[in-house]
Amino acid sequence: MPNPMWPPRTPRPSASRRPRTALRAGPVRSALPAAALTGALLLAGCSGGGDTEPPGSTSAKMNPSAAATPTWAPVTGTPQVIPAVRSFRRADGRGWRPSDGARVVVPAGAKSNVADEAQRLAKDLGGLAVVYGDQTVRPGDIEVKLSGKNTADQPDNVPVRSTADEAYTLTAAGTRLTLTAPTDAGIFYGTRTVKQAVRAAGGLPEGTIEDRPDRPQRGMSLDNARKPFTQDWIDARLREIADLKLNQFQLHFSDDQGFRIQSDTHPEIVSADHLTKAQVRQIIALARSLHISVVPELDSPGHLGAVLDHYPDLRLRNAQGRVIPGAIDISNPKAAPLIDSLLKEMSELFTNPKGAPAYWHLGGDEYQALMSSSPSTSYPQLARAARQKYGSAGTVEDLTTGWLNDRQKTVEAKGKNRVEAWNDGFFSSPAVSADTNRMVDYWTGKEAGKRDPASFLREGRNVMNFNDEYLYYVLGEPNQFTYPTGQRIYQSWTPMVIRGTQPVAVPASMTGPDRIPGARFAIWCDRSQAQTPQQVAAGIRLPLAALAQKTWDPRTPALSWAQFQALANRV
């Protein structure tokens, strides 16, 4: 994984904020004092109904008061949610609040793929009743249904192909609320909007929300290798980022300091404090239910210290015989079989639904052999292996590129079809090129000799934004790193700011969601004891909210930072 302690760099000034656009909705005006969800439900007279009703249940219909038109103070202003909705068409009316006798109605039935989304929403709103197969939507109800053709037969957690699949429409009209979307992912994001709006302002104002993300990949990366985090902590972060409509979770589980997942093929390498395979399966299942894709990362050929502690003969040594910490000797014929066996085992653990994107991160960064001024002189065994494999002109860069290409073939054979590596794992290799289907995860800032992100875009590669100037939360703040703030991300960063503080200098056609698919906020634990897990959770809360806003909507936010921060504290 990228180690921000190498090499040094200095902070950069923030970019100036763009002027506010006239396309955004008007200023937010809260109809109610800031209140917790429970208070909002009590204000609206919610019954706090019990468990999910079985298909065809009529218990709610038998309550005469349930069919009466509820009354409440009007919900005014614009929807108060993070990220802000892209479009809101205001209408005259009182809006919608959860009320006594309100139900969540699922016309498609209990076996539809939106049933779990309806159940979650009902629970989030204090325990509303859920009614299946009922076509009658009464005053105060929420109707949840898929839109478009051939939606009834969609499988649960249908794979998302584009941001259009994550779109949803919410209409509050005549004391009823209608949620429609082309997939259950869109339905899920609509339920997150309802949940937040109730927490922030008691409900939704009268009118129609049409919403969808700008960037298809939005997420968080966690270094669980240097500092172990519990399953409960990870589960809580998954729920947190899901409420923010983030849809990716990268897990860096192996590094010099630890290998943090149970291994049956190589149990000797596993750290004492680790996740069992059963726990990993539970994390994957929870993520999937929240429409989050998990991106596993097993870094090589560097950052393998925890593995190599048990295979000392595979450690890379320089010409003087000095061991290079964390680096594997890729010229050794036993190196590839060891790493491939781990890749195969972990690929089988991190399963993916049929048809869904199957992610894998190869790492590839900071291989110390290529950080030497003369790799062939410093590591003659690598130079010899390169010439043997690629001819007399073969280089250490060629050998390293070939290593990553071979590891990519290993995980692709296990069904992984979305392969990534860090940008400093893409080398200028005369004889061999990095696989064209590998995405560049760009993190490096001022580091000398690293390629500019524009060069990757110009050669046709897709680039994920991990800008270490804004999106790197490095425990202990080593090497002039400072903890990123939500305010700086909110005011100065966009997905086009990949390196430093200025947008990447390429034509606009190269900066769209098809080429820069999004960004992930990365937590690295270089000085693992600098913060407790609770402090990390508190420190990343506002940066994650800001990232969610800036990847969901490309326009300048309508709210000031102070307003956004206050809203984040409410929802």
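- No side-chain donor-acceptor contact under 3.5 Å links E117 to the backbone of V144.
- A side-chain donor-acceptor contact under 3.5 Å links Q262 to the backbone of K277.
- Under the 6.0 Å distance and 45° angle rule, R237 counts as a cation-pi partner of W233.
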(message) Go through it in stages, so that I can follow the logic: the residues are F350 and V294, the test is side-chain contact (heavy atoms from CB on, under 4.5 Å), and I'd like the CA-CA distance, side-chain angles, deciding distance and then a yes or no.
(response) CA-CA 8 Å; F350 287 89; V294 178; 3.9 Å; yes
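- Under a 3.5 Å cut-off, the side chain of K550 and the backbone N or O of W493 do form a donor-acceptor pair.
- Aromatic pair F466/Y472: centroids not less than 6.0 angstrom apart.
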(request) Given side-chain contact (heavy atoms from CB on, under 4.5 Å), test W360 with M346 step by step and report yes or no. (result) CA-CA 10 Å; W360 194 270; M346 294 300 148; 3.6 Å; yes
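- Between D243 and K195, at least one side-chain nitrogen of the basic residue sits less than 4.0 Å from a carboxylate oxygen of the acidic one, meeting the salt-bridge criterion.
- Residues W524 and Y473 keep their aromatic ring centres 6.0 Å or farther apart.
- The residues E348 and K414 are annotated as salt-bridged, a charged nitrogen and a carboxylate oxygen being separated by less than 4.0 angstrom.
- For the residue pair N157/R288, the side-chain donor-acceptor check at 3.5 Å is not satisfied.
- Under the 4.0 Å criterion applied to side-chain N and carboxylate O atoms, D134 and R103 are assigned as salt-bridge partners.
- To the nearest 0.5 Å, atoms CD (E240) and CD1 (I234) are separated by 13.5 Å.
- Side-chain N/O atoms of T193 and Y168 include a donor and acceptor closer than 3.5 Å.
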(request) Show your working on side-chain contact (heavy atoms from CB on, under 4.5 Å) between I187 and Y189 and close with a plain yes or no. (result) CA-CA 6 Å; I187 292 293; Y189 293 137; over 6 Å; no
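- Of the possible donor and acceptor atoms, none in the side chain of S271 sits under 3.5 Å from a partner among the backbone N and O of D273.
- Side-chain contact check for V114 versus L146: some heavy-atom pair is nearer than 4.5 Å.
- One finds the CD atom of Q217 at 6.0 Å from the CZ atom of R520 (value rounded to the nearest 0.5 Å).
- A salt bridge is absent between E166 and K245; no separation between the charged side-chain nitrogens and carboxylate oxygens falls under 4.0 Å.
- The residues D165 and R212 are annotated as not salt-bridged, no charged nitrogen and carboxylate oxygen being separated by less than 4.0 angstrom.
- A distance-only check finds a donor-acceptor pair linking the side chain of D211 to the backbone of R86 [under 3.5 Å].
- Counting only N and O atoms by type, the side chains of Q80 and R570 include a donor and acceptor under 3.5 Å apart.
- One finds a salt bridge joining E210 and R89 here, because a Lys/Arg side-chain nitrogen approaches an Asp/Glu carboxylate oxygen to under 4.0 Å.
- With no hydrogens or angles considered, no side-chain donor-acceptor pair links T175 and T69 at under 3.5 Å.
- Contact record, P83 with A548: CB-O, 3.7 Å, taken as the closest heavy-atom pair.
- Although no hydrogens or angles enter the test, the distance criterion places no donor-acceptor pair under 3.5 Å between the side chain of H274 and the main chain of T276.
- Under the 6.0 Å distance and 45° angle rule, R218 does not count as a cation-pi partner of W552.
- D441 and H361 form a side-chain donor-acceptor contact under 3.5 Å, judged by distance and modelled atom types alone.
- A donor and an acceptor atom, one from each side chain of Q565 and Y490, are nowhere located under 3.5 Å apart.
- Put simply, CE on M220 and CD1 on I292 are 8.5 Å apart, with the number rounded to the nearest 0.5 Å.
- Shown here is K145, whose NZ atom has no more than 12 heavy atoms of other residues, nucleotides or ligands within 6.0 Å.
- With R215 contributing its side chain and D553 its backbone, the two residues share no donor-acceptor pair below 3.5 Å.
- With S99 contributing its side chain and A102 its backbone, the two residues share no donor-acceptor pair below 3.5 Å.
- Under the 6.0 Å distance and 45° angle rule, R120 does not count as a cation-pi partner of F188.
- Proximity of a side-chain donor or acceptor of D214 to a complementary backbone N or O of P554 within less than 3.5 Å is not detected.
- In the displayed structure, Q534 atom CD is contacted under 6.0 Å by more than 12 heavy atoms of other residues, nucleotides or ligands.
- In terms of modelled atom types and a separation under 3.5 Å, the side chain of D223 and the main chain of R226 share a donor-acceptor contact.
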